[in-house]
2 protein chains.
Amino acid sequence: MRATVVKSGALVFSHRSGSVQDMTASRTARERVRAELTREITDIARRHLATEGAGGLSLRAVAREMGMVSSAIYRYFPSRDDLLTTLIIDGYNALGEAVEQADAACPGDDHAGRWVAICHGVRDWALAHPHEYALLFGSPVPGYEAPEDTIPPRLRDVIVMGRLVSQAYAAGALDPPALAGPPPQALHADAENLRTVMPGVSDDLALRAFSAWTALYGWVSFELFGQLEKTIFDRRTAFERSMRIMGATLGLR
Amino acid sequence: MRATVVKSGALVFSHRSGSVQDMTASRTARERVRAELTREITDIARRHLATEGAGGLSLRAVAREMGMVSSAIYRYFPSRDDLLTTLIIDGYNALGEAVEQADAACPGDDHAGRWVAICHGVRDWALAHPHEYALLFGSPVPGYEAPEDTIPPRLRDVIVMGRLVSQAYAAGALDPPALAGPPPQALHADAENLRTVMPGVSDDLALRAFSAWTALYGWVSFELFGQLEKTIFDRRTAFERSMRIMGATLGLR
DNA sequence: CTCATGAGAGAGCATTGCTCTTGTACGAGA
DNA sequence: TCTCGTACAAGAGCAATGCTCTCTCATGAG
């Protein structure tokens with residue numbers, strides 16, 4: 001697999017960079033068809049995922065639908081888990097994008113509004129893609145270990161929330177209520193950790209924001225996994241109310 | 001997977017039952033053996049569940065371990081889903097019991113302490129039985145529809161929380177902070193609904209309590225499903241802090 | 001003692017993930 | 001333009017799975 005033409009000065013770094021991934025340019029016809037088929041496989045797999053769920057995703061079924069024999073699919077994905085991994089990465093990216101758009105649709109200085117919009121962004125995406133959400137946030141499929149590649153996409157949504165909190169804090173728009181004493185010193189390191197996506201805020205605020213974040217996903221998971229079944233009926237309203245309360249614990253009003 | 005094929009010629013029912021919960025006193029020997037074998041199946045299944053997870057629970061493997069042929073197990077459970085259902089019901093009961101005990105271990109008038117104890121009760125049980133927790137609160141297994149029988153056991157834990165909130169409210173021990181205006185009228189029906197496990201409290205309080213409840217499970221699910229992986233390290237402390245904040249939104253201090 | 005009934009055994013079907021071997025068409029280097 | 005290595009697909013096969021039959025036999029109520 002040798003590139004036909006090396007156009008940029010990549011030659012200089014060619015011995016250093018082991019992982020080259022610029023496959024956007026049209027290479028040979030073979031590689032083009034390979035990329036096309038790979039995309040088609042993931043598309044079909046995503047559709048099966050949406051109808052059957054993660055457990056029902058079958059490589060053989062995907063192959064069948066493509067008119068391939070089952071073994072041929074292993075040319076593209078060495079195992080079912082590898083297919084799952086790309087679906088997971090795609091899922092995190094799709095969710096992250098939805099959240100980014102929800103945030104961007106609000107005026108930058110309406111911090112409380114942005115918070116609610118972000119929450120709705122998560123919930124709406126989850127309701128629209130329940131099985132993908134389950135793949136990302138449900139019980140991990142047994143024997144499957146998420147590789148490192150999934151980490152950056154996974155952070156996209158939380159980064160949006162962190163940015164909001166930091167901006168609101170910097171703008172002096174936060175008026176957090178006194179709910180408890182200062183957080184225990186033992187949590188300083190974790191708060192410091194959280195500040196990588198939430199720069200500038202206090203330990204207390206970072207921890208509260210993360211709590212609100214888990215509450216958001218707690219609600220959505222409850223709703224999607226059937227735990228609200230005979231309990232909450234006006235779910236959108238109840239969700240928004242709950243998220244407003246959570247936002248209020250951060251001082252977003 | 002080892003085989004350990006045990007061809008037991010006769011079923012020995014001289015096993016000391018000593019069981020406490022046989023409401024129908026020992027009927028015919030046949031029925032005794034049947035009850036015993038049913039229990040043994042669920043025990044083995046629960047062990048497999050704990051090691052392999054829900055997806056890896058195989059009727060054939062359970063049968064093999066019992067020295068039965070695979071088809072024989074269908075005399076006891078008509079399908080894999082039925083086995084799952086009894087495991088789910090048992091799981092809810094075990095969780096509910098753990099939560100009840102956690103609550104009971106606190107002085108009745110220490111409402112804030114009881115709240116934290118209940119939260120730890122949920123989390124501790126979940127950490128001790130991760131796969132069972134995943135079965136109860138994780139992504140629903142595709143094609144599986146939880147039957148009605150699972151509803152009462154599922155309410156055991158939430159009833160404990162509701163009782164606490166009602167008692168604290170009745171004792172005048174709640175001092176909820178002003179976090180938002182009154183809840184929308186649209187949620188009155190849902191709040192009324194919540195009052196079946198939380199009698200006497202206001203709409204606002206019922207909704208806040210339910211929010212805290214979802215936040216609790218949100219945290220535990222995040223922790224168990226790997227979402228806290230490179231983020232929170234002192235998890236017990238962070239969890240308790242988060243739950244204290246949630247309790248404070250109810251006015252528990 | 002009789003005999004319907006409950007229960008285990010075994011074969012079998014359709015399905016899965018995955019491997020191995022064999023045939024084939026492409027396409028880069030001569 | 002031809003050749004030959006390579007990428008690819010096909011097919012058979014293995015070890016599992018859930019579940020359904022049928023056959024046989026011991027149990028235990030009448």
Side-chain angles (χ1 to χ4, degrees), chain A residues 1-6 23 26-41 44-45 48-49 52-85 87 141-145, chain B residues 1-14 26-41 44-45 48-49 52-85 87 141-144:
Chain A
M1 115 151 109
R2 142 183 10 158
T4 52
V5 179
V6 180
M23 51 201 305
S26 66
R27 300 261 186 103
T28 74
R30 217 177 216 171
E31 284 175 352
R32 284 238 306 273
V33 100
R34 181 184 177 83
E36 175 66 23
L37 285 187
T38 304
R39 210 184 52 78
E40 193 175 336
I41 290 174
I44 294 179
H48 283 200
L49 183 71
E52 324 282 336
L57 194 157
S58 143
L59 282 190
R60 289 183 112 113
V62 172
R64 210 176 302 129
E65 188 166 330
M66 293 191 62
M68 270 177 165
V69 89
S70 74
S71 59
I73 220 125
Y74 288 86
R75 294 266 167 200
Y76 298 88
F77 291 93
S79 79
R80 185 174 173 277
D81 282 2
D82 286 86
L83 218 194
L84 275 182
T85 295
L87 290 181
V141 289
Y144 174 80
E145 190 85 19
Chain B
M1 238 170 242
R2 69 226 176 279
T4 45
V5 177
V6 180
K7 275 241 177 184
S8 60
L11 286 173
V12 186
F13 52 87
S14 65
S26 61
R27 299 233 189 124
T28 75
R30 216 176 217 171
E31 284 176 350
R32 286 236 307 273
V33 159
R34 182 182 176 83
E36 176 67 22
L37 286 187
T38 304
R39 210 184 52 76
E40 192 175 336
I41 290 175
I44 295 178
H48 284 199
L49 181 71
E52 324 282 336
L57 193 153
S58 142
L59 282 190
R60 290 182 111 113
V62 172
R64 210 176 302 129
E65 189 166 329
M66 295 192 60
M68 270 176 167
V69 89
S70 74
S71 59
I73 220 119
Y74 288 86
R75 295 268 172 200
Y76 298 88
F77 291 93
S79 79
R80 186 175 173 276
D81 282 2
D82 287 86
L83 218 195
L84 275 182
T85 295
L87 290 181
V141 288
Y144 174 79

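By convention in this document, chain letters (A, B, ...) are assigned in the order of the sequence lines, proteins followed by strands, and residues within each chain are numbered from 1. Worth knowing before you read on, the calculation uses all heavy atoms, side chains too, and leaves out hydrogens, waters and symmetry mates.
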Distance, rounded to the nearest Å, where [X] contributes [atom1] and [N] contributes [atom2]:
X	N	atom1	atom2	answer
A/Arg64	D/dG11	CZ	C1'	15 Å
A/Glu52	C/dT16	CD	P	10 Å
A/Asp81	C/dT16	CG	P	17 Å
B/Leu37	C/dG8	CG	C1'	11 Å
A/Leu59	C/dT19	CG	C1'	14 Å
A/Leu57	C/dT16	CG	P	11 Å

Is any side-chain N of the basic residue among B/Arg34 and B/Glu31 closer than 4.0 Å to the acidic one's carboxylate O? no
NA contact type, A/Leu83, heavy-atom cut-off 4.0 Å: base, sugar-phosphate, or nothing? nothing
Under 4.0 Å between any heavy atoms, over every strand shown, what does B/Arg80 touch: base, sugar-phosphate, or nothing? Just pick one. sugar-phosphate
According to salt bridge (charged side-chain N to carboxylate O under 4.0 Å, His left out), does anything in residues 69-80 of chain A pair up with another residue at least two apart or in another chain? List the pairs. none
OP1 or OP2 of D/dG18 versus the side-chain N and O atoms of B/Ser58: is any pair under 4.0 Å? yes
Pairing residues for A/Thr38 by the side chain to side chain donor-acceptor pair (under 3.5 Å) criterion, not counting sequence neighbours: none
What residues, two or more places apart in sequence or in another chain, satisfy side chain to side chain contact (heavy atoms under 4.5 Å, CB included) together with B/Ala72? B/Met68, B/Val69
What are the two closest heavy atoms between B/Leu37 and B/Tyr76, and how far apart are they? CD1-OH, 3.1 Å
Under 3.5 Å between N/O atoms: give me all the protein pairs with nucleotides 28-30 of chain D, atom names plus distance.
| residue | atom | partner | partner atom | Å |
| --- | --- | --- | --- | --- |
| D/dG28 | OP1 | B/Arg30 | N | 3.2 |

Using a distance-only test with no angle check, is there a side-chain donor-acceptor pair under 3.5 angstrom linking B/Ser79 and B/Asp82? yes
Counting distance alone, no hydrogens or angles: does the base of C/dG17 have a donor or acceptor under 3.5 Å from a partner atom on the side chain of A/Arg60? yes
For DNA chain C, which residues in residues 65-78 of chain A have a heavy atom at a distance below 4.0 Å? A/Ser70, A/Ser71, A/Tyr74
Would you mind writing out the side-chain donor-acceptor pairs for residues 53-66 of chain A within the sub-3.5 Å range, not counting sequence neighbours?
| residue | atom | partner | partner atom | Å |
| --- | --- | --- | --- | --- |
| A/Ser58 | OG | A/Arg60 | N | 3.2 |
| A/Ser58 | OG | A/Ala61 | N | 2.9 |
| A/Glu65 | OE1 | A/Arg47 | NH2 | 3.3 |
| A/Glu65 | OE1 | A/His48 | NE2 | 2.7 |
| A/Glu65 | OE2 | A/Arg47 | NH1 | 3.3 |
| A/Glu65 | OE2 | A/Arg47 | NH2 | 2.3 |

